[in-house]
Amino acid sequence: MTGKSIRYLAEYTVFRLLTAAIGCLSYRQSVLVAESIARFAFFCLPRKLTRYKVCRENLQTAFGDELDDERADRIILGMWIHLLRLIVEMIQLPRKLRRENFHECITFQDRHLAVTSLTSDRPVILLSGHFGNWEMSLVSFGLFGFRAGAVARALDNPHLHDWFRRFREQTGHYMILKSGASEEVSAEMESAGVVAMLGDQDAGPRGLFVDFFGKPASTFKSIGVLALQYDALICVGYARRLPDDFINSRWTRYEIGIEAVIDPRDEDLAGDVQAITRRYSAALEQIVLKSPEQYFWVHRRWKSEPRKRVKKTAVPKAA
């Protein structure tokens with residue numbers, strides 16, 4: 001075995017020991033553990049390790065001067081608590097959530113929009129961002145028989161990658177690796193299937209720049225291209241954790257909703273990829289505003305900047 005293989009195996013062993021320990025706890029106990037770790041990291045570790053500066057810059061870009069340092073710190077701490085709880089929920093979810101007890105954990109908003117889209121005999125793109133428990137959304141659709149191809153990046157550690165793949169496929173979905181995903185995505189679209197993906201990551205200098213919280217952000221244009229090419233509906237949705245009520249419930253509750261359904265046939269879109277991209281970015285922005293502390297502010301969303309066009313000056317002809 002190579003040194004890298006040993007490291008990957010060691011990481012996976014530690015991870016499985018942690019999952020086993022968390023699995024032995026009640027959900028409420030595991031939440032307390034997650035919150036304690038998050039608070040320790042935020043208050044005790046060097047801020048460089050928790051990427052505080054990146055989070056604060058992103059919040060400044062999104063909310064401007066109306067957000068003071070105290071409120072910003074509450075959002076960043078809330079984000080780390082949310083992310084630790086997300087991991088706990090993924091570990092506990094398979095033995096907690098069933099179709100029979102679904103109503104105890106999930107509240108739907110505008111579910112008719114999702115059902116109408118998924119039964120329309122047209123391809124559907126289930127689009128979300130790094131907000132709330134995006135894995136919960138996928139699980140919920142699978143429990144009711146709506147199978148999807150989930151586009152995701154392969155993890156460097158193959159053992160961890162297999163664990164997350166099994167988690168995502170437990171309710172009938174299958175993973176599509178982001179690198180080289182075009183053929184599988186196209187096949188799913190051609191068969192009027194469903195593809196699930198996240199659409200709020202920086203797309204690099206060649207991405208399509210549309211406003212996100214009022215500032216141009218590089219966005220993948222492939223989503224709009226797919227919608228136009230295959231006449232696919234884009235359902236922009238979310239799974240937002242609701243306030244805890246451990247007196248009346250042993251499990252956290254989530255609100256799963258559809259913020260917008262974008263139809264490329266709409267006249268105001270006029271087959272314009274940029275208009276479609278602008279529309280779903282605006283929907284994602286509205287989702288983040290519902291609970292800013294449940295958004296992944298660690299990601300450098302505005303990392304890339306639009307290229308400045310250089311005006312060419314006319315050169316006088318030689319006499």
Side-chain angles (χ1 to χ4, degrees), residues 31 34-89 109 127-137 198-205 207-220 236-245 252-260 277-306:
V31 167
E35 291 186 354
S36 299
I37 295 173
R39 291 181 185 279
F40 172 80
F42 182 80
F43 289 110
C44 300
L45 294 181
R47 288 192 162 182
K48 184 177 181 180
L49 295 179
T50 58
R51 294 176 66 85
Y52 177 88
K53 184 179 179 181
V54 174
C55 295
R56 189 66 182 90
E57 289 175 353
N58 285 337
L59 287 169
Q60 180 69 30
T61 300
F63 298 104
D65 295 334
E66 66 184 52
L67 187 72
D68 57 27
D69 290 338
E70 182 180 353
R71 173 61 176 149
D73 283 355
R74 287 202 302 270
I75 292 177
I76 296 172
L77 173 60
M79 178 200 70
W80 283 114
I81 291 175
H82 164 70
L83 292 175
L84 267 294
R85 288 190 61 169
L86 190 152
I87 296 172
V88 164
E89 288 162 3
Q109 290 291 329
L127 185 67
S128 190
H130 289 82
F131 172 86
N133 191 333
W134 53 88
E135 302 288 354
M136 177 72 79
S137 302
L198 302 178
D200 63 336
Q201 292 175 303
D202 179 80
L208 195 61
F209 284 87
V210 298
D211 279 357
F212 188 61
F213 283 93
K215 182 177 179 180
S218 179
T219 310
F220 289 101
V236 188
Y238 62 91
R240 180 171 71 98
R241 184 186 295 108
L242 299 175
D244 293 321
D245 181 15
T252 192
R253 290 188 60 81
Y254 269 90
E255 175 188 275
I256 293 181
I258 298 296
E259 182 67 24
T277 307
R278 191 182 301 115
R279 179 81 63 84
Y280 81 69
S281 291
L284 289 174
E285 180 179 323
Q286 291 303 309
I287 288 172
V288 174
L289 288 172
K290 295 178 187 293
S291 297
E293 71 282 357
Q294 295 188 34
Y295 188 61
F296 196 61
W297 296 105
V298 171
H299 174 63
R300 298 180 66 89
R301 184 65 187 92
W302 294 274
K303 178 181 178 180
S304 300
E305 295 184 358

**Q.** Evaluation steps, side chain to side chain contact (heavy atoms under 4.5 Å, CB included), between Tyr238 and Gln109
**A.** CA-CA 10 Å; Tyr238 62 91; Gln109 290 291 329; 4.1 Å; yes

Using modelled atom types only, decide if a donor and an acceptor are shared between the side chain of [X] and the backbone of [Y] within a distance under 3.5 Å.
X: Trp297; Y: Pro292; result: yes
X: His299; Y: Asp202; result: yes
X: Arg301; Y: Ser218; result: yes
X: Ser281; Y: Arg278; result: no

Please report the interatomic distance [atom1]([X]) to [atom2]([Y]), rounded to the nearest 0.5 Å.
X: Asp73; Y: Phe43; atom1: CG; atom2: CZ; value: 8.0 Å
X: Ile256; Y: Met136; atom1: CD1; atom2: CE; value: 6.5 Å
X: Glu135; Y: Leu86; atom1: CD; atom2: CG; value: 7.0 Å
X: His82; Y: Ile75; atom1: NE2; atom2: CD1; value: 13.5 Å
X: Glu35; Y: Arg85; atom1: CD; atom2: CZ; value: 5.5 Å
X: Ser128; Y: Tyr280; atom1: OG; atom2: OH; value: 12.0 Å

Q: Would you sort out whether Phe131 and Ser291 count as a side chain to side chain contact (heavy atoms under 4.5 Å, CB included), showing the intermediate values?
A: CA-CA 9 Å; Phe131 172 86; Ser291 297; 4.0 Å; yes

Less than 4.5 Å apart, any side-chain heavy atom of [X] and any of [Y]?
X: Leu289; Y: Phe63; result: yes
X: Phe212; Y: Val210; result: no
X: Asp244; Y: Arg253; result: no
X: Thr252; Y: Asn133; result: no
X: Trp80; Y: Leu83; result: yes
X: Met79; Y: Val298; result: yes
X: Phe213; Y: Asn58; result: no
X: Gln294; Y: Arg240; result: yes

Q: Begin from the C-alpha positions of Tyr295 and Asp200 and carry the test side-chain hydrogen bond (donor to acceptor under 3.5 Å, both in side chains) through to its verdict.
A: CA-CA 11 Å; Tyr295 188 61; Asp200 63 336; 2.9 Å; yes

If you compare all heavy atoms of [X] against all heavy atoms of [Y], which two are closest, and at what distance to 0.1 Å?
X: Thr50; Y: Ala41; answer: CG2-O, 3.4 Å
X: Leu67; Y: Ala72; answer: CD2-CB, 4.0 Å
X: Pro216; Y: Asp211; answer: N-OD1, 3.4 Å

**Q.** CD (Glu305) with more than 12 external heavy atoms under 6.0 Å
**A.** no

Q. Which is it for Phe42 and Ile81 under the side chain to side chain contact (heavy atoms under 4.5 Å, CB included) test, yes or no, and what are the steps along the way?
A. CA-CA 9 Å; Phe42 182 80; Ile81 291 175; over 6 Å; no

Q) Is the closest basic N to carboxylate O distance between Glu259 and Lys290 below 4.0 Å? A) yes

